Every structure is written in structure tokens, then in C-alpha cells.
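Right, one structure below, let's go through it.
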Amino acid sequence: MNWNRVEPPKRKADWRYKHLRLLATPPPARYDFIKNEPIPVACKPGDVARIYMRRHVRELSDSVPYCLRAAYGARLLELDWECPHCMANHTLYIPESWIAEGKAEFVEAAG
């Protein structure tokens, strides 16, 4: 599918269910405590994901280990991403600040 870059919605409340093209690899959200290292995400720059929810980092108590939360800042976006390998939807988290920093951009389907 082809995607065209669009301007972000004026209100952050309107971001839900919009699509983002990721221009950087998301920070890891899982940790291998046996190997003592983060587990990298399969998502790569250029992939498109859908915003599911804006969240505060405190809401990640069950999802992301405490040792990895510093990479997200105070506010983050929970994304639904369809893996091209298994065709299943996975949850990704990115810092909300990535939009202002140019590491993620809003897109919509072309045509």
C-alpha cells in the first residue's frame, strides 16, 4: 500500500486511529532477564502503524519493564503494527515527542 504524508491533526485528541510512518526504530518494550539485554522490536524504519492510544508512562506497569521506560519520556503513543512476517498485530510504543522530532510522520492511504 502507498502512503502519503499529511499534517498532524490540530488536536491530540484526534490522533487516535490515525496512521504513522516510523522513521526510526522504536525503543524495545521487552527485556530478556536471562541474557540481561533488551529484546529488539521487529519493526523497522519506514513501517506504518496505527495509533491506538496516547498514554502516560505510568500506565505501562504491566507492559514495559521499569528498566526500559526511560526511553519513552512522560507521554507515549501505543501503536498497532501488522508484522509482515507473521501477519499478526503487535503493540509498539514510541515517545510522543517523536512526531515533533521528525522520527514519525502522519500518513494516509493514497488513492
Side-chain angles (χ1 to χ4, degrees):
M1 178 178 286
N2 293 325
W3 299 91
N4 293 328
R5 185 185 181 285
V6 295
E7 290 299 316
K10 301 241 185 268
R11 297 177 331 134
K12 290 182 181 181
D14 296 332
W15 286 10
R16 191 168 191 188
Y17 303 127
K18 302 291 184 195
H19 290 90
L20 288 178
R21 179 183 298 128
L22 302 177
L23 304 175
T25 303
R30 298 181 326 164
Y31 195 83
D32 185 335
F33 289 97
I34 295 171
K35 294 181 181 177
N36 201 27
E37 62 186 26
I39 299 171
V41 295
C43 180
K44 61 186 184 322
D47 286 350
V48 174
R50 184 179 65 122
I51 298 173
Y52 176 69
M53 182 83 66
R54 288 180 65 231
R55 296 199 180 276
H56 193 279
V57 73
R58 290 187 308 254
E59 297 178 55
L60 297 181
S61 60
D62 295 335
S63 306
V64 178
Y66 185 78
C67 59
L68 299 176
R69 292 188 204 162
Y72 295 100
R75 300 291 304 183
L76 55 105
L77 298 174
E78 180 179 333
L79 308 176
D80 288 329
W81 171 69
E82 184 177 313
C83 176
H85 303 290
C86 67
M87 303 308 288
N89 280 345
H90 298 281
T91 299
L92 301 174
Y93 300 99
I94 64 167
E96 187 177 295
S97 63
W98 274 24
I99 293 170
E101 295 169 5
K103 293 181 180 180
E105 62 186 5
F106 282 89
V107 293
E108 60 184 26

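Note that the structure is a prediction, hence the values are computed from the model and not measured.
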The remaining residues in the hydrophobic cluster of Y17, counting side-chain heavy-atom contacts under 4.5 Å among Ile, Leu, Val, Met, Phe, Trp and Tyr, are Y52, M53
For residues 41-55, the salt bridge (Lys or Arg N to Asp or Glu O under 4.0 Å) pairs (sequence neighbours left out) are K44-D47, R50-D80, R54-E96, R55-E59, R55-E78
Residues 98-111 vs salt bridge (Lys or Arg N to Asp or Glu O under 4.0 Å), sequence neighbours excluded, gives R5-E105, R21-E105, E101-K103
key: Other residues, nucleotides, ligands: >12 heavy atoms within 6.0 Å of R30 CZ   = no
To the nearest 0.5 Å, atom CD1 of I34 lies from atom CG of N36 at 11.0 Å
Just wondering, do P40 and P28 contact through their side chains at under 4.5 Å, heavy atoms?
-> no
Residue set satisfying side chain to side chain contact (heavy atoms under 4.5 Å, CB included) with A100, at least two apart, ordered chain then number -> none
Excluding W15, membership of its hydrophobic cluster (Ile, Leu, Val, Met, Phe, Trp, Tyr; side-chain heavy atoms within less than 4.5 Å) reads V6, L20, L22, V41, I51, L77, L79, W81, L92, I94, W98, I99, F106
Applying side chain to side chain donor-acceptor pair (under 3.5 Å) to D14 and not counting sequence neighbours gives R11
Minimum side-chain heavy-atom gap P9-K18 below 4.5 Å:
yes
query = Any side-chain heavy atom of P27 within less than 4.5 Å of one from P38?
reply = no
Those residues at least two apart in sequence (or on a different chain) that pass side chain to side chain donor-acceptor pair (under 3.5 Å) with D32 are none
Joining Ile, Leu, Val, Met, Phe, Trp and Tyr whenever any side-chain heavy atoms lie under 4.5 Å apart, the cluster holding V48 also takes in M1, W3, V107
